[in-house]
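This report concerns only the one structure given below.
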Amino acid sequence: MLPSVFVLLVACVRPIVITVKNSSSYSTQYRGCATHPTAEQVSAYEAHFAEHKVEKSAFLKSNLTAAASATIPVYFHVVSMDSTISGGNVPDSQIASQISVLNQDYSGSGLTFTLAGTTRTVNSQWFNQVGPSSSLQTTMKTQLRQGGSNALNVYTVGFVSGSGAGLLGYSTFPSSYSSAPTDDGVVMLFSSVPGGTTANYNLGRTLTHEAGHWVGLYHTFQGGCTGSGDSVSDTPAEASPAYGCPTGRDTCSTTGVDPIHNYMDYTYDSCMNQFTAGQVTRLQSQMRTYRGISI
């Protein structure tokens with residue numbers, strides 16, 4: 001269990017990360033501690049991770065067959081207003097393309113994603129109103145989630161109103177699974193899948209980004225220019241999220257130009273193309289420690 005200070009702090013807001021990749025939406029939708037871990041939460045989380053971190057050598061000693069278990073089953077839960085694509089009924093072809101994008105973007109991580117199942121639910125209330133910290137999203141996940149700690153559950157919705165209005169997606173962290181297994185997973189905008197209709201965010205990088213949180217990565221701008229930032233040494237610090245594709249942006253002058261091409265920033269899908277070696281090392285450790293997966 002995480003230290004009590006961390007558990008108490010997140011009990012009110014839940015360990016959720018919200019992504020808003022639009023500058024105008026960001027100014028009105030930012031939710032403070034409900035959207036990003038506070039410095040105190042990160043400190044408690046990182047202390048817990050350091051204390052309980054599972055090294056690969058130790059993992060293999062107790063799990064002799066686990067070295068090959070780097071395949072992540074993905075369950076897609078398509079929630080729609082009606083049976084039309086515009087109403088949220090994401091077709092199988094776009095789901096297949098999204099899995100392909102995940103595997104392309106995570107190709108250097110040791111993880112492979114495979115579609116394990118698809119559910120389709122027509123529920124206009126869920127489609128329109130599901131959002132972080134809402135009872136609706138809890139009900140939705142309770143009814144639909146499948147698999148264990150190693151399974152990535154993805155819920156596609158419309159984010160039309162309520163606490164989710166205007167979002168592209170949000171995700172839980174690996175460390176939250178043991179205390180709230182039903183809540184585990186990613187909720188994302190249906191039209192941000194490859195071939196979707198959300199301009200600049202329809203190449204599939206919304207799920208790449210949110211899955212990054214699901215495997216234990218922070219935003220590249222976590223902590224701004226001070227402290228340990230995103231807890232990865234080879235991602236240059238940046239003071240704030242980057243939007244569009246601002247080549248040469250440098251908001252923390254002592255660490256190099258901002259990592260605008262990193263999947264964990266907020267830039268356009270077309271601008272994103274990398275995880276760093278340090279991020280790969282971190283996600284592998286997170287997956288061993290909290291999801292029982294050795295890579």
Side-chain angles (χ1 to χ4, degrees), residues 12-36 74-95 97-98 115 117-146 152-172 176 180 182-211 213-214 241 243 266 268-269:
C12 295
V13 302
R14 290 192 296 195
I16 284 175
V17 179
I18 301 170
T19 301
V20 185
K21 294 183 181 175
N22 178 283
S23 56
S24 59
S25 295
Y26 185 83
S27 63
T28 58
Q29 297 294 333
Y30 183 74
R31 303 182 196 280
C33 67
T35 62
H36 298 280
V74 181
Y75 294 93
F76 251 87
H77 305 290
V78 178
V79 177
S80 61
M81 290 182 60
D82 50 44
S83 61
T84 67
I85 295 177
S86 61
N89 191 23
V90 180
D92 289 342
S93 59
Q94 289 185 329
I95 293 174
S97 294
Q98 180 66 84
L115 183 63
T118 303
T119 67
R120 296 183 181 275
T121 304
V122 177
N123 188 315
S124 60
Q125 188 177 31
W126 288 358
F127 177 81
N128 288 312
Q129 299 177 27
V130 155
S133 301
S134 70
S135 59
L136 282 177
Q137 76 111 32
T138 301
T139 300
M140 177 185 74
K141 289 179 175 180
T142 299
Q143 293 187 25
L144 298 179
R145 193 185 187 283
Q146 300 180 48
L152 173 57
N153 281 253
V154 179
Y155 307 83
T156 58
V157 299
F159 290 136
V160 175
S161 61
S163 64
L167 300 183
L168 284 179
Y170 61 92
S171 175
T172 55
S176 69
T182 301
D183 196 47
D184 187 62
V186 167
V187 184
M188 62 177 286
L189 182 64
F190 79 97
S191 54
S192 67
V193 297
T197 57
T198 301
N200 298 314
Y201 308 106
N202 57 0
L203 300 180
R205 269 48 193 266
T206 292
L207 185 52
T208 298
H209 177 104
E210 299 305 340
H213 296 310
W214 186 82
Y243 301 100
Y266 277 2
Y268 287 163
D269 279 17

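Contact between Phe159 and Leu167 at its shortest, heavy atoms only, is CD1-O, 3.2 Å. Among all heavy-atom pairs drawn from Leu168 and Ser192, the shortest one is CD2-CB, 4.3 Å. Closest approach of Val78 to Val90, counting heavy atoms only: CG1-N, 3.5 Å. Among all heavy-atom pairs drawn from Ser134 and Ser163, the shortest one is CB-OG, 4.2 Å.
For Tyr155, the ring-ring contact (aromatic ring centres under 6.0 Å, His included) test picks out His77, with sequence neighbours left out. With sequence neighbours left out, the ring-ring contact (aromatic ring centres under 6.0 Å, His included) criterion links Phe190 to Phe127. With sequence neighbours excluded, the residues satisfying side-chain contact (heavy atoms from CB on, under 4.5 Å) with Thr139 are Trp126, Gln143. Residues passing the side-chain contact (heavy atoms from CB on, under 4.5 Å) test with Ser80 are Asn89, Val122, sequence neighbours excluded. Applying the salt bridge (Lys or Arg N to Asp or Glu O under 4.0 Å) test to Asp82 and every residue at least two apart in sequence or in another chain returns nothing.
In this structure, CZ on Phe76 lies 13.0 Å from CD on Gln146, to the nearest 0.5 angstrom. The line from OG of Ser171 to CE of Met188 is 11.5 Å long, rounded to the nearest 0.5 Å. To the nearest 0.5 Å, atom CD of residue Gln129 and atom OG of residue Ser124 are 8.0 Å apart. Within the model, atoms CG of Leu207 and CG of Leu189 stand 12.0 Å from one another, a figure rounded to the nearest 0.5 Å. The distance from atom CG of Asp92 to atom CZ of Arg120, rounded to the nearest 0.5 Å, is 4.5 Å. For the atom pair CD1 of Ile85 and OG of Ser93, the computed distance is 7.0 Å after rounding to the nearest 0.5 Å.
Looking at heavy atoms from C-beta onward, Leu115 lies out of side-chain contact with Gln98 at the 4.5 angstrom threshold. Two residues are said to be in side-chain contact when any heavy atoms from C-beta on lie closer than 4.5 Å; Tyr75 and Thr119 fail this criterion. In this structure the side chain of Thr206 never reaches within 4.5 angstrom of the side chain of Thr198, judged on heavy atoms. Between Asn123 and Met140, the closest side-chain pair of non-hydrogen atoms is not below 4.5 Å. Lys141 is listed as a side-chain neighbour of Val187, based on a closest heavy-atom distance under 4.5 Å.
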>> Working note: Val79 + Val130, criterion side-chain contact (heavy atoms from CB on, under 4.5 Å); need CA distance, chi angles, decisive distance, verdict.
In response: CA-CA 10 Å; Val79 177; Val130 155; over 6 Å; no
> Do Tyr266 and His209 pass the side-chain contact (heavy atoms from CB on, under 4.5 Å) test, and can you show the C-alpha distance, the side-chain angles, and the key distance before you say yes or no?
Replying inline: CA-CA 9 Å; Tyr266 277 2; His209 177 104; 3.9 Å; yes
>> Please determine whether side chain to side chain donor-acceptor pair (under 3.5 Å) holds for the pair Asp184 and Thr172, giving the CA-CA distance in whole Å, both sets of side-chain angles, and the decisive distance to 0.1 Å.
In response: CA-CA 6 Å; Asp184 187 62; Thr172 55; 3.3 Å; yes
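Residue pairs meeting the salt bridge (Lys or Arg N to Asp or Glu O under 4.0 Å) criterion with at least one member in residues 155-165: none, sequence neighbours excluded.
The main-chain N or O of Arg145 is never found under 3.5 Å from a side-chain atom of Asn153 such that the two would form a donor-acceptor pair.
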